[in-house]
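The structure presented is a predicted model; accordingly, all values stated were derived computationally and were not measured.
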Amino acid sequence: MSKGMKTEEQLGPDRGFEFETDDEENQARRQADAGSSSSFSSSSGDNSRGSISTTDRCDGPQGSYQPSWPQSYRQSIDLLSSVLSPGAGFLAGSSLLQLGNSFRGGSTAGDDYQHSQLAKPLIPHPLPSTGAHTSSIVSPHSKPASFFYPSVLPPPPRCSTSQAIVNGLNVLCGVGILTTPYAIKEGGWMGLILLVFLGFISFYTGILLMRCLDISPELQTYPDVGQAAFGAPGRLCIAIVLYLELYASCVEYIILVSDSLSSIFPSSHANLLGIDLSCNQLFALTAALAILPTVWLRDLNLLSFLSAGGVIASILMVLCLFWDGMVDGVGFHQEGTVLNLTNLPVALGMFSFCYSGHSVFPNIYSSMIEQSQFSNVLLVCFILCTSIYAAVAAAGFMMFGESIQSQFTLNMPHRFMSSRIAIWATVVNPLTKYALTMTPVALSIEELLPSKHQSIFVAVVIRTLLVISTLVVALLIPFFGFLMALLGSFFTMLVALILPCLCYLSIQRQSVTIWEVVLCMFIIMVGVLCAAIGSYSSIKEMVDSYG
């Protein structure tokens with residue numbers, strides 16, 4: 001038996017996956033019979049990934065299978081994470097397919113892989129169930145075609161190590177950077193130690209997700225890992241948590257645009273059908289109207305190009321902040337408390353939100369040509385992002401002190417050109433990312449509809465209702481900083497700390513060392529404690545703000 005491989009009995013009776021190992025003779029026989037079997041052989045060696053065969057749950061006559069949910073996760077998250085690399089595309093035959101390939105580096109090995117994979121599904125077609133082990137994962141090819149979700153899906157995009165680093169930075173270095181100076185105000189300068197600590201733990205749990213994926217090449221996303229660990233309920237629960245996190249991020253985007261435009265045009269107001277709209281309400285509505293056409297786009301490849309705008313906007317915000325401090329004369333002033341235990345949980349939630357990229361890490365790993373470099377990719381991304389977060393946090397708080405607001409751009413003097421550039425970059429950033437972030441949620445809802453109810457009209461209605469709902473939530477909870485702290489305390493702790501450890505201990509329980517068990521249990525306890533305290537503190541702050 002190859003090192004790291006596990007038999008069906010080791011994984012337990014209810015995991016939904018069946019792992020096998022083969023000797024060379026069986027491998028040759030299976031390769032000769034390729035195309036008629038739903039099991040993929042694994043090559044022996046220390047770095048080999050196990051093989052997986054799946055059968056589907058029969059809810060009717062033999063050969064009638066219930067497709068898993070969500071099937072659209074891989075493709076939609078690939079779009080969200082890729083920068084200047086739209087991937088293989090959602091629409092077969094799209095003219096953007098070849099253009100997207102040109103951004104991935106044109107590796108011969110990568111191209112050969114793509115062409116070979118086009119002939120087979122992500123998860124092999126299930127055979128009729130003959131045993132007790134079942135799985136709800138099936139080929140996306142079994143999903144009926146719809147307006148936004150075609151019947152034939154392409155393989156995941158292949159990227160080089162450098163492209164993977166860029167994609168990782170795109171995921172990690174987002175709007176969370178705006179609140180880092182405010183987090184120092186809430187928790188004191190010692191909060192920076194928490195930032196580094198959270199970065200280290202998040203890096204380690206990212207490695208744990210990689211080890212979970214290594215058990216089989218058919219595991220490519222976070223929900224796949226959840227099913228390998230806990231069966232169909234694990235896949236369902238993890239998918240729901242990830243989609244709620246994406247939805248909440250879209251709410252944050254509307255609040256961010258509203259706050260930024262309100263700082264530029266503070267005296268704006270309007271009367272709509274007899275309803276007086278305040279400045280923030282007016283621009284929240286404006287943001288929703290501006291975003292709405294982007295979520296209607298059918299060719300989702302176009303959205304992937306928008307992710308580059310988010311990266312550029314983040315870079316501009318950071319550069320303009322330091323330009324204000326060093327060139328425009330705002331200056332840096334040492335002040336603030338060393339430690340504020342009362343508000344430290346809120347600061348913890350804000351810092352945690354900065355590392356909410358684990359939902360995408362499995363996709364980046366699965367897309368890499370050289371997957372052995374993934375740990376180095378994560379290390380580079382976390383070191384760079386943690387350094388940027390710490391520098392911006394320190395500089396922003398030293399520039400504006402106790403008057404710092406939840407977004408440091410709101411404190412930047414409007415008389416400086418650099419400040420105006422930073423504020424408008426803050427407006428552009430959410431506008432470029434909203435559709436990419438909401439697309440996975442919309443596709444997952446569309447999957448649940450019967451085929452006869454899927455149409456252009458229904459798809460547009462779903463996306464319109466999602467935008468309206470995020471607008472309503474943003475108007476009811478217009479607290480950017482505290483909402484971000486809540487998201488970081490609850491969702492990030494769950495997705496980045498607790499779930500990776502639980503999945504790893506479940507999948508690798510026969511080979512995990514005692515030290516890994518101790519470390520994982522410590523991380524789980526830290527995650528649960530921080531989630532409970534941080535969520536309570538954030539909700540309390542929002543309630544107090546209403547008073």
**Student:** Determine yes or no for a side-chain-to-main-chain donor-acceptor pair under 3.5 angstrom, with Ser444 supplying the side chain and Val441 the backbone.
**Tutor:** yes
**Student:** When you measure from the side chain of Ser506 to the backbone of Leu502, do you find a donor-acceptor pair of N or O atoms at a distance under 3.5 Å?
**Tutor:** no
**Student:** Treating Tyr253 as the side-chain partner and Thr437 as the backbone partner, does any N or O pair qualify as donor plus acceptor under 3.5 Å?
**Tutor:** no
**Student:** Could you walk me through whether Thr426 and Asn429 pass the side chain to side chain donor-acceptor pair (under 3.5 Å) check?
**Tutor:** CA-CA 5 Å; Thr426 307; Asn429 197 1; over 6 Å; no
**Student:** Would the distance check show the side chain of Thr205 and the main-chain N or O of Ala496 forming a donor-acceptor pair, the cut-off being under 3.5 Å?
**Tutor:** yes
**Student:** Could you tell me whether the side chain of Gln407 and the main chain of Leu178 form a donor-acceptor pair under 3.5 Å?
**Tutor:** no
**Student:** Would the distance check show the side chain of Ser469 and the main-chain N or O of Leu466 forming a donor-acceptor pair, the cut-off being under 3.5 Å?
**Tutor:** yes
**Student:** Are Cys354 and Thr180 close enough that some pair of their side-chain heavy atoms sits under 4.5 Å apart?
**Tutor:** yes
**Student:** Between the side chain of Ser367 and the main-chain N/O of Ile364, is any donor-acceptor distance below 3.5 Å?
**Tutor:** yes
**Student:** Trp189 vs Phe397 aromatic rings, parallel, tilted or perpendicular, using cut-offs 30° and 60°?
**Tutor:** perpendicular
**Student:** I'd like to know if the side chain of Glu252 and the backbone of Met484 have a donor-acceptor N/O pair within less than 3.5 Å.
**Tutor:** yes
**Student:** For Phe382 and Tyr355, I'd like to know if the aromatic rings sit close, meaning centre-to-centre distance below 6.0 Å.
**Tutor:** yes
**Student:** Kindly state each residue pair satisfying ring pair (Phe, Tyr, Trp, His ring centres under 6.0 Å) with at least one member in residues 486-538, sequence neighbours excluded.
**Tutor:** none
**Student:** Pairs in or reaching into residues 356-381: which pass salt bridge (Lys or Arg N to Asp or Glu O under 4.0 Å), with residues at least two apart or in two chains?
**Tutor:** none
**Student:** Going by heavy atoms in the side chains, are Val241 and Leu244 under 4.5 Å from each other?
**Tutor:** no
**Student:** Is the closest side-chain donor-acceptor distance between Asn363 and Ser366 under 3.5 Å?
**Tutor:** no
**Student:** Can any side-chain N or O of Glu516 pair as donor or acceptor with the backbone N or O of Thr513 at less than 3.5 Å?
**Tutor:** yes
**Student:** Quick one about Ser72 and Glu447 (side-chain donor to acceptor, distance below 3.5 Å, no hydrogens or angles considered), yes or no?
**Tutor:** yes
**Student:** Can any side-chain N or O of Arg235 pair as donor or acceptor with the backbone N or O of Pro70 at less than 3.5 Å?
**Tutor:** yes
